[in-house]
Amino acid sequence: MRIAVMGAAGRMGKTLIEAICQAEGVQLTVGTVLPDSSLIGADAGEVAGVGRLGVPLVATLGEVKDQFDLLIDFTSPETTMENLSFCAEHGKKIIVGTTGLDDEQKAHLAACAEKTAVMFAPNMSVGVNVCFKILDTIARTLGDDYDIEIIETHHRHKVDSPSGTALRLGEVVADALGRDLKECAVYGREGQVGARTRKEIGFETIRAGDVVGDHTVLFATEGERIEITHKASSRMTFAKGAVRAAAWLADKEAGQFDMQDVLSLR
């Protein structure tokens, strides 16, 4: 599987390149950077700190469209939309780790998945996706008798809030309880807001330092509480998940998938 990495000189891009080099059955053949980057032409492996790979960094996918089979994209919603269109048009598979997509962008992703294989997940950590499965069971068992709060912490550079993972955690719990997250979510509280309602799901967001990603789902009632927490200490956990997904996607021609599919957790 020949892989292209979008944003190869960024924090996540470098980690993806390292993960690809550690894995079997996949090969980095393309790395992109911004058109005005001084790194155009530099070796992707040397930029990532893994040694020379013979893969010069380029500005656009169009100039290397015959050199890769699958694109991994952890960039921005706008860039990801362009890349989805490109992959659908040219028959390239794509793994999307970009968060902060709105409903219109998600609809575009689904449309592109009718033409090519698209793996989209707000978090590609194996551990987080196991948490999704566990939380579904917990929520169904506890029912409406427990208050639910979701607390997430990320580094100061993260631009979307709440995180895509936090929102997905909320969706999993809401679906298990027969609720619509758009109607029951409460994002932060300030002032005289009154007592919490029984069916709301609260979100608290923290942005500080270099935290890679911490998420906690709290179920609380009178006399007890349950906390399910996942802490990521390295971006490598997301990168390894993406590379695992790339190998899984190898024989898929079209369709929209997520890490629950990759890990057979459905």
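The backbone N or O of D180 sits nowhere less than 3.5 Å from a side-chain atom of E183 that would complete a donor-acceptor pair. With hydrogens and angles ignored, the 3.5 Å screen pairs a side-chain donor or acceptor of T221 with a backbone N or O of D145. Formation of a donor-acceptor pair under 3.5 Å by the T32 side chain with backbone atoms of G7 is found in this model. With hydrogens and angles disregarded, a donor-acceptor distance shorter than 3.5 Å links the side chain of D43 to the backbone of V55. With hydrogens and angles ignored, the 3.5 Å screen pairs no side-chain donor or acceptor of D261 with any backbone N or O of S264.
Here the straight-line distance linking atom CG of L181 with atom CD of E200 works out to 12.0 Å at 0.5 Å rounding. Rounding to the nearest 0.5 Å places CD1 of I201 at 12.0 Å from CG of L218. S76 OG to N83 CG: the interatomic distance, rounded to the nearest 0.5 Å, is 8.5 Å. Atom-to-atom distance recorded for I151:CD1 and T216:OG1 is 5.5 Å, nearest 0.5 angstrom. Taking CG from N129 and CZ from R168, the interatomic distance works out to 9.0 Å, rounded to the nearest 0.5 Å. The NZ atom of K199 sits 9.5 Å away from atom SG of C184, with the distance rounded to the nearest 0.5 Å.
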Run R225 and E227 through salt bridge (charged side-chain N to carboxylate O under 4.0 Å, His left out) and show every step you take.
CA-CA 7 Å; R225 64 180 182 269; E227 296 180 13; 3.3 Å; yes

H154/V211 under side-chain contact (heavy atoms from CB on, under 4.5 Å): CA gap, chis, key distance, verdict
CA-CA 5 Å; H154 281 85; V211 179; 5.6 Å; no

What do the steps show when you test F203 against L169 for side-chain contact (heavy atoms from CB on, under 4.5 Å), and what is the final call?
CA-CA 10 Å; F203 288 82; L169 290 166; over 6 Å; no

I would like to know whether R244 and V126 meet side-chain contact (heavy atoms from CB on, under 4.5 Å); could you show each step before the answer?
CA-CA 10 Å; R244 180 170 176 172; V126 172; 3.8 Å; yes

Determine, step by step, whether L70 and I95 satisfy the side-chain contact (heavy atoms from CB on, under 4.5 Å) criterion, reporting the C-alpha distance in whole Å, the side-chain angles of both residues, the deciding distance to 0.1 Å, and the verdict.
CA-CA 8 Å; L70 178 146; I95 292 176; 4.0 Å; yes

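Placement of I134 and L167 within a single hydrophobic cluster is found when ILVMFWY residues are connected by side-chain heavy-atom separations under 4.5 Å, directly or transitively. L16 is connected to V212 through a chain of hydrophobic side-chain contacts under 4.5 Å among Ile, Leu, Val, Met, Phe, Trp and Tyr, so both are in one cluster. The hydrophobic clustering, which links ILVMFWY residues whose side-chain heavy atoms are closer than 4.5 Å, places F74 and V96 apart. F68 and I94 fall within a single hydrophobic cluster, where Ile, Leu, Val, Met, Phe, Trp and Tyr side chains are chained together by heavy-atom contacts under 4.5 Å. Hydrophobic clustering (side-chain heavy atoms under 4.5 Å, transitive across Ile, Leu, Val, Met, Phe, Trp, Tyr) keeps L71 apart from M124.
Summarising the hydrophobic clusters (Ile, Leu, Val, Met, Phe, Trp, Tyr; side-chain heavy atoms under 4.5 Å, direct or chained), the residues clustered with I40 are V33, L39, V47, L57.
Within the 4.5 Å cutoff, side-chain heavy atoms of R11 are placed close to those of H155. In this structure the side chain of I3 never reaches within 4.5 angstrom of the side chain of D69, judged on heavy atoms. Within the 4.5 Å cutoff, the side chain of M6 has no heavy atoms near those of the I72 side chain. Put simply, the side chain of I138 reaches to within 4.5 Å of the side chain of F219, judged on heavy atoms. Under the 4.5 Å side-chain criterion, counting only non-hydrogen atoms from C-beta, L265 is not in contact with F132. L53 places a side-chain heavy atom less than 4.5 Å from the side chain of C21. With a 4.5 Å cut-off on side-chain heavy atoms, T229 and D214 do not count as touching. Put simply, the side chain of F257 does not reach to within 4.5 Å of the side chain of F120, judged on heavy atoms.
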Please report, to 0.1 Å, the donor-acceptor pairs under 3.5 Å made by any side chain of residues 22-31, with sequence neighbours excluded.
{"unit_1": "Q22", "atom_1": "NE2", "unit_2": "E18", "atom_2": "OE2", "d": "3.4"}
{"unit_1": "T29", "atom_1": "OG1", "unit_2": "Q67", "atom_2": "O", "d": "2.6"}

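Side-chain atoms of S163 and H215 form a donor-acceptor pair, as typed in the model, at a separation below 3.5 Å. Donor-acceptor pairing under 3.5 Å is lacking for the side chains of S234 and T237. With hydrogens and angles left out, the side-chain atoms of E204 and Y187 include no donor and acceptor closer than 3.5 Å. Between the side chains of N123 and T165, a donor-acceptor pair is found at a separation under 3.5 Å. Between the side chains of S85 and E82, no donor-acceptor pair is found at a separation under 3.5 Å.
Atom CG of D102 has more than 12 heavy atoms from other residues, nucleotides or ligands within 6.0 Å. Within 6.0 Å of NZ in K252 there are more than 12 heavy atoms belonging to other residues, nucleotides or ligands.
Shortest non-hydrogen contact noted between Q105 and G100 is OE1-O, 4.0 Å. The two residues M12 and A239 have their closest heavy-atom pair at CE-N, 3.5 Å.
Annotation: cation-pi pair K92/F86 absent, no NZ/CZ under 6.0 Å from the ring centroid and within 45° of its normal.
Ion pairing of K182 with D103 is present here, as a side-chain N (NZ or NE/NH1/NH2) and a carboxylate O approach within less than 4.0 Å.
Each salt bridge (Lys or Arg N to Asp or Glu O under 4.0 Å) pair with one or both residues in residues 147-161, not counting sequence neighbours, appears once here: D147-R196, D147-R198, E149-R189, E149-R196, E152-R207, K158-D160.
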